[in-house]
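These notes are about the structure you will find just below.
Only a predicted model underlies this, so the values are computations on that prediction, with no experimental measurement involved.
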Amino acid sequence: MAEATNPGTITIDGQQYDVNSLSENARSQIANLRITDQEIQRLQQQLAIAQTARAAYARALEAELPKTEQ
(Lines give C-alpha, C1' and ligand atoms only; values in the text may rest on other atoms or scores of the structure.)
Protein backbone atom coordinates (compact mmCIF):
# COMPACT_ATOMS: atom_id res chain seq x y z
CA MET A 1 0.00 0.00 0.00
CA ALA A 2 2.43 2.69 1.18
CA GLU A 3 6.16 2.49 0.73
CA ALA A 4 8.78 5.11 1.51
CA THR A 5 11.34 5.31 -1.29
CA ASN A 6 13.32 8.15 0.28
CA PRO A 7 12.59 10.52 3.15
CA GLY A 8 10.91 13.09 0.86
CA THR A 9 8.71 10.74 -1.19
CA ILE A 10 6.23 7.97 -0.59
CA THR A 11 4.76 5.45 -3.02
CA ILE A 12 1.09 4.57 -2.56
CA ASP A 13 -0.52 2.07 -4.92
CA GLY A 14 2.30 2.55 -7.43
CA GLN A 15 2.05 6.35 -7.46
CA GLN A 16 4.92 8.41 -6.04
CA TYR A 17 4.16 11.50 -3.95
CA ASP A 18 6.33 14.28 -2.55
CA VAL A 19 5.49 14.14 1.15
CA ASN A 20 6.13 17.86 1.60
CA SER A 21 3.49 18.69 -1.03
CA LEU A 22 0.78 16.71 0.76
CA SER A 23 -1.73 18.25 3.14
CA GLU A 24 -1.11 18.24 6.85
CA ASN A 25 -3.91 15.70 7.24
CA ALA A 26 -2.34 13.41 4.61
CA ARG A 27 1.05 13.63 6.37
CA SER A 28 -0.69 12.83 9.64
CA GLN A 29 -2.29 9.74 8.08
CA ILE A 30 1.12 8.64 6.76
CA ALA A 31 2.51 8.96 10.28
CA ASN A 32 -0.45 6.94 11.59
CA LEU A 33 0.20 4.21 9.01
CA ARG A 34 3.87 4.04 9.97
CA ILE A 35 3.07 3.82 13.68
CA THR A 36 0.45 1.15 13.00
CA ASP A 37 2.88 -0.86 10.85
CA GLN A 38 5.44 -0.72 13.67
CA GLU A 39 2.85 -1.92 16.18
CA ILE A 40 1.81 -4.79 13.89
CA GLN A 41 5.46 -5.82 13.58
CA ARG A 42 5.89 -5.66 17.38
CA LEU A 43 2.78 -7.77 17.91
CA GLN A 44 3.93 -10.32 15.32
CA GLN A 45 7.22 -10.63 17.19
CA GLN A 46 5.38 -11.11 20.47
CA LEU A 47 3.16 -13.74 18.88
CA ALA A 48 6.24 -15.61 17.64
CA ILE A 49 7.69 -15.53 21.16
CA ALA A 50 4.42 -16.81 22.66
CA GLN A 51 4.16 -19.59 20.07
CA THR A 52 7.74 -20.67 20.79
CA ALA A 53 7.06 -20.70 24.52
CA ARG A 54 3.84 -22.67 24.03
CA ALA A 55 5.66 -25.30 21.98
CA ALA A 56 8.31 -25.60 24.71
CA TYR A 57 5.63 -25.99 27.40
CA ALA A 58 3.87 -28.67 25.32
CA ARG A 59 7.15 -30.59 24.94
CA ALA A 60 7.81 -30.28 28.68
CA LEU A 61 4.31 -31.56 29.45
CA GLU A 62 4.71 -34.46 27.05
CA ALA A 63 7.92 -35.46 28.82
CA GLU A 64 6.07 -35.46 32.17
CA LEU A 65 3.11 -37.57 31.11
CA PRO A 66 3.17 -41.25 31.98
CA LYS A 67 4.05 -43.48 29.08
CA THR A 68 1.22 -45.74 27.92
CA GLU A 69 1.43 -49.06 26.14
CA GLN A 70 -0.32 -49.14 22.75
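The two residues Ile10 and Arg34 make their nearest non-hydrogen contact at CD1-NH2, 4.1 Å.
The backbone N or O of Gly14 sits nowhere less than 3.5 Å from a side-chain atom of Thr11 that would complete a donor-acceptor pair. A side-chain donor-acceptor contact under 3.5 Å links Thr52 to the backbone of Ala48.
Proximity of Thr9 to Val19: side-chain heavy atoms (C-beta onward) are nowhere separated by under 4.5 Å. Between Gln44 and Ile40, some side-chain heavy-atom pair lies under the 4.5 Å cut-off. Looking at Leu61 and Leu65, their side chains come closer than 4.5 Å, going by heavy atoms from C-beta outward.
Here Arg59 pairs with nothing under the salt bridge (charged side-chain N to carboxylate O under 4.0 Å, His left out) rule; sequence neighbours left out. In terms of the salt bridge (charged side-chain N to carboxylate O under 4.0 Å, His left out) criterion, Glu64 has no residue partners (sequence neighbours excluded).
No more than 12 heavy-atom neighbours from other residues, nucleotides or ligands sit within 6.0 angstrom of CD on Glu62.
Taken to the nearest 0.5 Å, the CZ atom of Arg27 stands 7.0 Å off from the CG atom of Asn20.
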Could you go through Gln46 and Arg42, starting from their C-alpha distance and side-chain angles, then the distance that decides it, and tell me whether this counts as side chain to side chain donor-acceptor pair (under 3.5 Å)? CA-CA 6 Å; Gln46 287 210 290; Arg42 186 188 72 79; 2.9 Å; yes
